[in-house]
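A short worksheet on the structure shown next.
Below, chains carry the letters A, B, ... as their sequence lines are ordered, and counting in each starts from 1. Just so it is clear, the structure is predicted and the values come from calculations on it, not from any experiment.
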Amino acid sequence: MLLRMSTLFLRTLREDPADAEVPSHKLLVRAGYIRRVAPGIYSWLPLGKIVLENVTRVVREEMDRMGAQEVLFPALLPRDYYEATGRWTEYGDTLFRLKDRKGSDYLLGPTHEEMFTDMVKGEYSSYKDYPVTLYQIQTKYRDEARPRAGILRGREFVMKDSYSFDLDDDGLKHSYEQHREAYIRIFDRLGIDYRICFAMSGAMGGSASEEFLAPCPTGEDTFVACHNCGYAANAEAVTTSAPPAVTAEQPALEVLDTPDTPTIESLVDHVNEHFGLGITPADTLKNIVVKVRTPGSDKVETLVIGVPGDREVDFKRLEAAVAPGIPEIFEAEDFARHPGLVRGYIGPQVLASLGITYLVDPRVVTGSAWVTGANEPGKHAAHVVAGRDFQPDGTIEAAEIRAGDLCPRCAHPLSIDRGIEIGHIFQLGRKYADAAGLDALGPDGKPIRVTMGSYGVGVSRAVAVVAEQRHDALGLTWPREIAPADVHIVGTGKENQIEVATQIAEELESRGLRVLVDDRPGVSPGVKFKDSELLGLPTVLIIGRGLAQGVAELRDRATGTKEEIPLAEAVDRVLAACQA
RNA sequence: CGGGGCGUGGCGCAGCUUGGUAGCGCGCUUGCUUUGGGAGCAAGAAGUCGCAGGUUCAAAUCCUGUCGCCCCGACCA
């Protein structure tokens, strides 16, 4: 491959685009890789298209290597496939819907579980056919509430999605492990820094689930990591380690007059001042009321959640914890309907008699004593003991996570970072097979319900993530595997530098390298150097002022090292650099 | 959907308070000079000032409405 900048369809921008905020967005636009056409929708210019194809190639090679077989579904799909699983309505506004000329409903596929399941059902019927894993690399459409950060979160994006079909749980585990290994190879080859995090399976249903998160300040996901034992988890999936149960005898419950103490801080101050208890916010028990709506029905359950007073309820964690239920704020009118719940002074002592479910943070262990509401305006209760004065219906992971919280596996302090989800693997189980009635006929003549795994890689997002993780003040610094070319040869000077640069470019191309040569006449050296740095090819060879002395300059874009080399050795030295 | 900001040549912006000739930088075209860090000089091309209505002798500027976009929060590869 030999690209000549004199004819390459490329225009670099000197200034950041006004609508870009994150580095990958700014740089990909400035370097002429992508252009915006609508919110969350981008065109790929020649260099960007090459990078995207390179990522695609890596993903495809690794999927093929693990034995998955590539298929391709349409992006334009009829409604009925998504009707069977209820997702035509469940997916809500995120689904791009359209009608054909006859008025029939269609959609642009946001994901393809239904299609894969249906395809396997149509072709396979015997246990001898299984297991099988299929994948596709496809453009997906999601009408995101808020597309953002350029290509990082678009409404149209390229995704590799695959599905494994197995006859039993062990088979599913094996398929899952194979994917895990394939993903590790993929992201290693792409040069992405990532963590494999425990995840919630969320609305998709299913059990084991892990996310591949690329640590990045602009990331939208929060994850914790333990630097001692290697544990990592999405914030929603972190489990809280419970302290041991308290066996010591506790004083009897005591109701205290606590007027004007609407906040935890005011309560703590008041109690310490008037009753000398010496408590901290962590000794109080804060009780939050929420409504949990069951999707697709009118059923709404009232739920009270007890968390230590020094912590907020993390709504995302709460959502994950009550999934597939949808938590909603308990409004003033809801309080009006539940006179037993005294806003600001709720204590768990009365919940059982009110018939309200009470779930507590795991720190609220049996025997622990708390200062909490007394279910009367202006009154709180002290020495309220779990297991004695109230009986929780269970625990819930809804309290916020903080840096320094203890690792659930080894009890070392956890760190908190942000990351971008680039891959997600999980064991779906039989939800879609159930919906589709996907069975294999077993050796005994009886049907076996197939169990599935679902696995995704954000292909176009990976391009942005690499740009996000690998750039400097001057521009992009692609890893060789996905760079638009191996080497950028810059010819600059008023003698025959451009001719020589072109000759070397042709020689390197014939030796199997992918080459970009800057053969633009009359363009000043500064412009060429700046463009070279912006574009970010890993190796740069400059044929410039040293030509008369038979000298070229070899640069490494990422490290910034520069070396003068004899022109006669240029081809070999570039080859060596590109093969290192 | 809630909150904030912005719509002016291809890109980045000023002008709007106090109505009166549409301006700057980059990019683009032509010529000459320049060639190791986004060159210089000269001459050019290119704008329904988001859209609609209103006020006015006169609207980018004032008023009303409307559309769109970006950013921050609830959703996800």
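- If you check the side chains of A:D519 and A:T502, you find no donor sitting under 3.5 Å from an acceptor.
- Across all strands shown, A:G456 has no heavy atoms under 4.0 Å from either base or sugar-phosphate atoms.
- How far CD1 of A:I420 is from SG of A:C216: 3.5 Å, rounded to the nearest 0.5 Å.
- A salt bridge between A:R418 and A:E220 is absent, with no side-chain N of the basic residue lying under 4.0 Å from a carboxylate O of the acidic one.
- Pair assignment for B:C62 gives B:G54, based on Watson-Crick or G-U wobble hydrogen-bonding distances that are each under 3.5 Å.
- Nucleic acid contact for A:I542: base, since at least one base atom lies under 4.0 Å from a heavy atom of the residue.
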Test log, rule salt bridge (charged side-chain N to carboxylate O under 4.0 Å, His left out), inputs A:K173 and A:D166: CA-CA 9 Å; A:K173 280 200 186 71; A:D166 281 281; over 6 Å; no
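- Heavy-atom distances under 4.0 Å link RNA chain B to no residue of residues 44-64 of chain A.
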Dump every N/O contact between nucleotides 66-74 of chain B and the protein below 3.5 Å, one line per pair.
unit_1 : atom_1 : unit_2 : atom_2 : d
B:C69  : O3'    : A:R36  : NH1    : 3.2
B:C70  : OP1    : A:R36  : NH1    : 3.3
B:C70  : O3'    : A:D19  : O      : 3.4
B:C72  : OP1    : A:R148 : NH2    : 3.3
B:C72  : OP2    : A:R146 : NH1    : 3.0
B:C72  : OP2    : A:R146 : NH2    : 3.1
B:C72  : OP2    : A:R148 : NE     : 3.2
B:A74  : O3'    : A:E319 : OE1    : 3.1

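- Using modelled atom types and a 3.5 Å distance limit, the side chains of A:H179 and A:S162 yield a donor-acceptor pair.
- Note on residues 453-476 of chain A: pairs passing salt bridge (Lys or Arg N to Asp or Glu O under 4.0 Å), not counting sequence neighbours, are A:D472-A:R557.
- Taking the charged nitrogens against the carboxylate oxygens, A:E62 and A:R189 do have a contact shorter than 4.0 Å, which makes a salt bridge.
- Taking atom CG of residue A:D16 and atom P of nucleotide B:G38, one finds them 19 Å apart after rounding to whole Å.
- Nucleic acid contact class of A:D221 (heavy atoms, under 4.0 Å, all strands): base.
- The stretch residues 545-558 of chain A comes close to RNA chain B through A:R545, A:E553, A:R555, each having a heavy atom under 4.0 Å from the strand.
- Between A:E144 and A:R155 there is no salt bridge, since no side-chain N of the basic residue sits under 4.0 Å from a carboxylate O of the acidic one.
- Nucleotides B:C41 and B:U56 place their C1' atoms 46 Å apart, quoted to the nearest Å.
- The OH-P distance, from A:Y183 to B:A77, rounds to 11 Å in whole Å.
- Nucleotide B:U29 has B:A43 as its partner under the Watson-Crick or G-U criteria, with both atom distances under 3.5 Å.
- B:U21 sits 12 Å from B:U61 when the P atoms are compared, rounded to a whole Å.
- Partner assigned to B:C1 is B:G73, using Watson-Crick or G-U wobble distances below 3.5 angstrom.
- Considering only residues two or more places apart in sequence or on other chains, A:E533 meets the salt bridge (Lys or Arg N to Asp or Glu O under 4.0 Å) condition with A:R555.
- A:K26 and A:D19 are not joined by a salt bridge, as no carboxylate oxygen comes within less than 4.0 angstrom of a charged side-chain nitrogen.
- There is no side-chain donor-acceptor pair under 3.5 Å between A:H424 and A:E210.
- Under the Watson-Crick and G-U wobble criteria, each requiring two contacts below 3.5 Å, nucleotide B:G12 is paired to B:C24.
- Judged as a salt bridge (Lys or Arg N to Asp or Glu O under 4.0 Å), the pairs with a partner in residues 190-199 of chain A (not counting sequence neighbours) are, in order, A:D193-A:R195.
- Nucleotide B:U35 holds its C1' atom 14 Å from the CZ atom of A:R520, rounded to whole Å.
- Within the 4.0 angstrom heavy-atom criterion, no nucleotide atom of any strand lies near A:E156.
- One finds no side-chain N or O of A:S524 lying less than 4.0 angstrom from the OP1 or OP2 phosphate oxygen of B:U35.
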Listing time: all N or O pairs from protein to nucleotides 42-45 of chain B that are below 3.5 Å?
none

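- With sequence neighbours excluded, the residues that form a salt bridge (Lys or Arg N to Asp or Glu O under 4.0 Å) with A:E563 are A:R573.
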B/S/- contact track for nucleotides 22-31 of chain B, protein heavy atom under 4.0 Å: ---BSSS---
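- Applying the ring pair (Phe, Tyr, Trp, His ring centres under 6.0 Å) definition to pairs two or more places apart or across chains, those involving residues 41-67 of chain A are A:H25-A:Y42.
- Under the 3.5 Å distance criterion, with hydrogens and angles disregarded, a donor-acceptor pair is assigned to the side chains of A:Y141 and A:E156.
- Atom C1' of nucleotide B:U35 and atom CG of A:D518 are separated by 13 Å, given to the nearest angstrom.
- Pairing for B:G38 is absent, with no Watson-Crick or G-U wobble pair whose two atom distances lie under 3.5 Å.
- Both A:G493 and A:M159 lie near RNA chain B, and the one whose nearest nucleotide falls closer to the 5' end is A:G493.
- Nucleotides B:A43 and B:G25 place their P atoms 13 Å apart, quoted to the nearest Å.
- With respect to A:R97 and A:D143, no salt bridge is recorded, no charged nitrogen being found less than 4.0 Å from a carboxylate O.
- Nucleotides B:A22 and B:A59 are separated by 13 Å at their P atoms, to the nearest Å.
- Checked against the 6.0 Å centroid threshold, A:Y163 and A:Y455 do not count as a close aromatic pair.
- Using a 4.0 Å heavy-atom distance criterion, A:G32 is classed as making no nucleic acid contact.
- A salt bridge links A:R60 and A:E70; the closest N-O separation between the charged side-chain nitrogens and carboxylate oxygens is under 4.0 Å.
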Can you list, pair by pair, the side-chain donor-acceptor contacts under 3.5 Å of residues 45-54 of chain A, counting residues two or more places apart and other chains?
unit_1 : atom_1 : unit_2 : atom_2 : d
A:K49  : NZ     : A:E53  : OE2    : 2.7
A:N54  : OD1    : A:R57  : NH1    : 3.1
A:N54  : ND2    : A:I50  : O      : 3.4
A:N54  : ND2    : A:I482 : O      : 3.2
A:N54  : ND2    : A:A483 : O      : 3.0

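- Atom CZ of A:F96 has more than 12 heavy atoms from other residues, nucleotides or ligands within 6.0 Å.
- Applying the 5.5 angstrom centroid cut-off and the 30 degree plane-angle cut-off, the aromatic ring of A:F529 is not stacked upon the base of B:G38.
- Across B:G40 and B:U35, the matching P atoms stand 14 Å from one another, rounded to whole Å.
- Of the candidate nucleotides B:C76, B:G38, B:U35, B:G38 has the atom lying nearest to any side-chain atom of A:T12.
- Side-chain contact of A:D64 with A:Y135: a donor-acceptor pair under 3.5 Å is present, judged by distance alone.
- If you check every strand for non-hydrogen atoms under 4.0 Å, A:E220 touches a base.
- With both ends at atom C1', the span from B:A14 to B:C26 equals 15 Å, rounded to whole Å.
- The separation of B:A39 from B:U17, taken at their P atoms, amounts to 38 Å, rounded to a whole angstrom.
- Look at CZ on A:R461: it is 7 Å from C1' on B:C76, rounded to the nearest Å.
- Taking every heavy atom of residues 494-503 of chain A and every atom of RNA chain B, pairs under 4.0 Å involve A:K494, by number.
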